[in-house]
Amino acid sequence: MRSGFVAVTGKPNVGKSTLTNALVGEKVSITSSKPQTTRNRIIGIVNGDGYQAVLVDTPGIHRPRNKLSEFMMKSVDAATEGVDVMIYMISADKRPDDRDDAVIARYAAAKTPFLLVVNKCDRVEEKDIFSLIERYKDIDGIDAIIPISALKGKGVDEISSMLVRLLPEGERYYSEDLYTDRSERFMVSEIVREKALRFLGDEVPYGIGVAVNKFEERNDGLVEIDCDVICEKQAHKAIVIGKGGEKIKKISTEARRDIESLLGTRVFLNLYVRVKQDWRDSGTVLGDLGYGKKNI
């Protein structure tokens, strides 16, 4: 039996959450085309024949600009401490820069088993993939460079095979029937946030938070859920609601479908839009939303 913790890291929007979901076989982390979609460390549990890999999906590595960003980067640092395998992802359709090179060199020198994953290979020509492999192939400490398309599932099996080889011997950390350690309330808040990101596009830049205020199962099996969709400015509130409530209705409808799939039962979902000025720099609000010190 092999088991251990695997940190999945990289800059924003390289596909860390998509890879985590593909390896687990369940939707553990929300995804969107926006960078910095993942804010917390998310654990996805891969149970295979004779092994268990505990994946830690992390926020994208970036320079902090507010207290929320600082929380996210502390989450990355905490996620990479004491893990058994490191995965660093780069995107084939964007040339790596000095920051990528520095992080890759640091991880390779750390003596922890290390996989360099080149994602989004379906978007480029083979010569571009070979160029990236050539750039890093002679660095000592990289156990494998694996080109993949996480979205299309190409190369994901190769990562699974490498994890089985690199994980140390040990017992399972979690029961075989679990695929994440996150609570249903947390997953609900993330689903609502994902749909908000999807339907709002670039209209409300990143300033969306979600708080679950009510989560109750009725005697007839229906689950009643009330959530606050939090934005930073009064002008954003009208955008989130949309003309005649059209936007918030779309968010609610799509979120309810995914939540019902998650919970396996009917759901009555209420979304309320609240304004909390500059909440990403408020320690109190961040703590209430699960972005406090105890969540790192």
Legend entry - Crowding at CG, Leu151 (>12 non-hydrogen neighbours, <6.0 Å): no
Inset, instruction - Any chance you could lay out the side chain to side chain contact (heavy atoms under 4.5 Å, CB included) test for Ile90 and Asn119, step after step, and finish with the verdict? - result: CA-CA 6 Å; Ile90 57 176; Asn119 192 27; over 6 Å; no
Legend entry - Side-chain donor-acceptor contact under 3.5 Å, Asn47 with Tyr174: no
Inset, instruction - May I have the step-by-step check of salt bridge (Lys or Arg N to Asp or Glu O under 4.0 Å) for Lys11 and Asp97, ending in yes or no? - result: CA-CA 11 Å; Lys11 289 196 300 190; Asp97 58 21; 2.7 Å; yes
Inset, instruction - Can you measure from CG (Leu178) to CD1 (Ile43) and round to the nearest 0.5 angstrom? - result: 11.0 Å
Legend entry - CE on Met86 to CD1 on Ile104, rounded to 0.5 Å: 11.0 Å
Inset, instruction - In plain terms, say whether Lys27 and Glu194 are close enough for a salt bridge, that is, a side-chain N and a carboxylate O under 4.0 Å apart. - result: yes
Legend entry - NZ (Lys214) with more than 12 external heavy atoms under 6.0 Å: yes
Inset, instruction - Let me know which of Ile159, Leu116, Thr9 forms a side chain to side chain contact (heavy atoms under 4.5 Å, CB included) with Ile87. - result: Ile159
Inset, instruction - Measure the spacing between SG of Cys121 and CD1 of Ile129 and express it to the nearest 0.5 Å. - result: 4.0 Å
Legend entry - Modelled atom types, side-chain donor and acceptor of Asp57 and Ser29, under 3.5 Å: yes
Legend entry - Other residues, nucleotides, ligands: >12 heavy atoms within 6.0 Å of Glu260 CD: yes
Inset, instruction - Look at Lys154 together with Asp122 and state whether they make a salt bridge at an N to O cut-off of under 4.0 Å. - result: no
Legend entry - Side chain to side chain, Met89 and Leu19, heavy atoms closer than 4.5 Å: yes
Legend entry - Close side-chain approach of Ile148 to Val118, heavy-atom, < 4.5 Å: no
Inset, instruction - Determine whether Pro113 and Asp84 make a side-chain contact, defined as any pair of heavy atoms from C-beta on separated by less than 4.5 Å. - result: no
Inset, instruction - Decide yes or no for Leu167 and Val6: does some side-chain heavy atom of the first lie under 4.5 Å from some side-chain heavy atom of the second? - result: yes
Inset, instruction - For side chain to side chain contact (heavy atoms under 4.5 Å, CB included), just list the numbers for Ile208 and Leu200, CA-CA rounded to whole Å, side-chain angles, deciding distance to a tenth of an Å, and then say yes or no. - result: CA-CA 10 Å; Ile208 292 292; Leu200 293 172; 4.1 Å; yes
Legend entry - Validation row: Glu216, Phe268 side chains within 4.5 angstrom (heavy atoms): no
Inset, instruction - Please determine if Lys120 and Asp93 form a salt bridge, counting it only when a charged side-chain N lies under 4.0 Å from a carboxylate O. - result: no
Legend entry - Thr265 side, atom OG1; Arg218 side, atom CZ - distance, nearest 0.5 Å: 10.0 Å
Inset, instruction - Output the distance between atom OH (Tyr136) and atom CG (Asp101), rounded to the nearest 0.5 Å. - result: 4.0 Å
Legend entry - Arg172 atom CZ: more than 12 heavy-atom contacts under 6.0 Å: yes
Legend entry - Sidechain N-carboxylate O distance under 4.0 Å for Glu232, Lys276: no
Inset, instruction - Using only heavy-atom distances, determine whether the side chains of Asp226 and Asn270 contain a donor-acceptor pair under 3.5 Å. - result: yes
Inset, instruction - Determine, for Asp258 against Lys195, whether the closest basic-nitrogen to carboxylate-oxygen distance falls under 4.0 angstrom. - result: yes
Inset, instruction - Using the rule that two of Ile, Leu, Val, Met, Phe, Trp, Tyr join whenever any of their side-chain heavy atoms come within less than 4.5 Å, decide whether Leu289 and Val275 are in one cluster. - result: no
Inset, instruction - Look only at the side chain of Thr180 and the backbone of Val28, and say whether a donor-acceptor pair between them is shorter than 3.5 Å. - result: no
Legend entry - pair Val188-Ile225: side-chain heavy atoms closer than 4.5 Å: yes
Legend entry - Separation between CG of Leu132 and CZ of Phe130, rounded to the nearest 0.5 Å: 11.5 Å
Inset, instruction - Could you tell me whether the side chain of Gln52 reaches within less than 4.5 Å of the side chain of Val46, counting heavy atoms only? - result: no
Legend entry - Salt-bridge present (Arg193, Glu190; N to O < 4.0 Å): yes
Inset, instruction - Using a strict cut-off of less than 4.0 Å between a Lys/Arg side-chain nitrogen and an Asp/Glu carboxylate oxygen, indicate whether Arg257 and Glu254 qualify as a salt bridge. - result: yes
Inset, instruction - State, yes or no, whether a side-chain contact exists between Phe114 and Val85 at a heavy-atom distance under 4.5 Å. - result: no
Inset, instruction - Can you establish whether the number of heavy atoms outside Asp98 located under 6.0 Å from its atom CG is more than 12? - result: no
Legend entry - Ion pair check, Asp278 and Lys233, cut-off under 4.0 Å: no
Inset, instruction - Would you mind checking if Arg165 and Asp143 are paired as a salt bridge, meaning a charged N to carboxylate O distance below 4.0 Å? - result: no
